[in-house]
Amino acid sequence: MNIAVLSGKGGTGKTFVSTNLANIIESSTYLDCDVEEPNGRIFFNNTDGIKKEEVFRLLPSIDKEKCIGCRACVDFCRFSGLAFLGNAPMLFPEICHSCGGCEKICPTGAITEVDFNVGIVQINKYKDTKVVSGLLNIGEASSIPVISRVLEEIENTSVIDCPPGSACSTMESIKRADYCVLVTEPTVFGLHNLKMIVELVQLFKIPFGFVLNKVEDPKNTLIEDYVKTVNKDILIKIPFSKEIANKVASGTLITDTNKDMKDLFETLLVKIQKGCE
Amino acid sequence: MKIAMATLEESMGTKLDQTFGRAVYFLFHDTENGENKFIENPARNASGGAGIKSAQTLVDEGVEALIVFRLGSNAVQVLEGANVKCFRAVDESAQVNLDKFIAGELAKLEDFHPGYHHTK
């Protein structure tokens, strides 16, 4: 079973929920797909036996000797990743979507696709959890190749820590999910972006449920009221507490030390399993 | 010599478009015969690479000078590659910009914004 944890708004507690959820599941895999700022690995604090592998995407390489200046590749590229100057194509790597179309369309075989490094994937173990993190190179425009590589490590019960927002990187991250946990907080901003990802997971037809984090004021029913309108219940509520904040700030997992919190995450897992049936 | 401008409307009285890549129209003025030609910018609604595509349109048209408010780095690479000279537009009509250019009153555009894509 693959459980994706997403939120729309950043800072609602995706990483808090996904790291602790992976921690209480036996022989789980934790996959950090928030590759622009992966921080889940901080909580699985074990640098022993760390394995790193480079991630590549393909870019066209143009052989000037073979190029006859026919412009077929430039006209084919719908992203304008190639311009035509002085009778030869000029490549804009950050615009290129690595589709390989220019290589196929070139009549003289002047274009070949070559590997271009865009980041790394790093794997280690924390107790019985396999911890996988994608790290995108700074300045790289697309996170998709790194996310896609991270997802190749899916094994046993996997918890996928998704990037914030509802754009391509989030869609890529939930591609293999059997269930989506939508983490939110009782704020107007939290609700606004929550609605966007509800729309997204409904589009993907993936079963989903809500986790309400940072619960403080029982009179604040902003999220509860909304959840009713989509005929759902909140799976678990996590209190706004100093102890949790301290644990997060010190880079440790609350389910390692706090029995009540461990039970709460066990409840979450049971409800997710039910939701998948 | 062909001069290009990014414009909002198809008339010489039009204001220039503040953007280049997603400009509404391009005006091509030919100093040889005084002709003005407007075309719709084919890159206006491009999903990406609009600056490159717009610059390509100018290069294909044989433009030698561009009067514009601002340019991204990708468009600059294409324009520089084709030796198109860029001049800073003034907030007036296309006609006024053209007159000022011919009188040599427009400054060269030398600072470019990094574009909307990350660059290495």
Side-chain angles (χ1 to χ4, degrees), chain A residues 35-37 54-57 59-62 64 67 69-99 101-102 114-119 135-146 163 165 167-169 171, chain B residues 1-2 4 6 17 19-26 28 39-66 68 70-86 109 112-120:
Chain A
V35 302
E36 287 180 57
E37 47 231 333
E54 288 191 304
V55 182
F56 301 94
R57 73 175 173 111
L59 277 184
S61 166
I62 300 147
K64 295 244 155 69
C67 176
C70 71
R71 201 177 163 148
C73 56
V74 175
D75 293 334
F76 177 82
C77 185
R78 61 182 294 181
F79 304 106
S80 298
L82 293 161
F84 193 70
L85 288 173
N87 259 351
M90 175 195 214
L91 174 70
F92 289 84
E94 72 275 23
I95 306 290
C96 174
H97 282 51
S98 307
C99 76
C102 52
V114 293
D115 277 338
F116 179 77
N117 173 251
V118 290
L135 289 94
L136 184 71
N137 287 349
I138 290 169
E140 199 52 52
S142 171
S143 57
I144 305 300
V146 178
C168 308
S169 54
M171 293 189 227
Chain B
M1 178 191 193
K2 270 193 184 168
D17 203 320
T19 67
F20 172 71
R22 296 187 187 277
V24 188
Y25 297 100
F26 285 121
F28 301 115
I39 62 153
E40 272 184 41
N41 177 10
R44 195 183 174 204
N45 297 314
S47 58
I52 298 167
K53 199 171 179 183
S54 293
Q56 183 77 60
T57 303
L58 268 56
V59 172
D60 293 345
E61 191 71 29
V63 164
E64 287 172 64
L66 168 67
V68 71
R70 54 210 292 269
L71 283 172
S73 59
N74 286 334
V76 169
Q77 272 191 62
V78 177
L79 296 168
E80 276 182 352
N83 287 318
V84 179
K85 304 275 179 291
C86 302
L109 185 69
F112 309 110
H113 74 85
Y116 302 107
H117 297 273
H118 296 285
T119 47
K120 287 225 125 178

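Letters A, B, ... mirror the listed sequences (proteins, then strands); counts begin at 1. The structure presented is a predicted model; accordingly, all values stated were derived computationally and were not measured.
- Atom CG in B:N74 sits 4.5 Å away from atom CD in A:E94 (nearest 0.5 Å).
- For A:S80 against B:G49, the heavy-atom pair with the smallest separation is CB-O, 3.3 Å.
- Listed in order of number, the residues of residues 76-85 of chain B that approach chain A to under 4.5 Å between heavy atoms are B:Q77, B:V78, B:G81, B:A82.
- Only the side chain of A:F92 comes within less than 4.5 Å of a heavy atom in chain B; its backbone stays farther off.
- Listed by sequence position, B:Q56, B:V59, B:D60 are the residues of residues 55-63 of chain B in contact with chain A, using a 4.5 angstrom heavy-atom cutoff.
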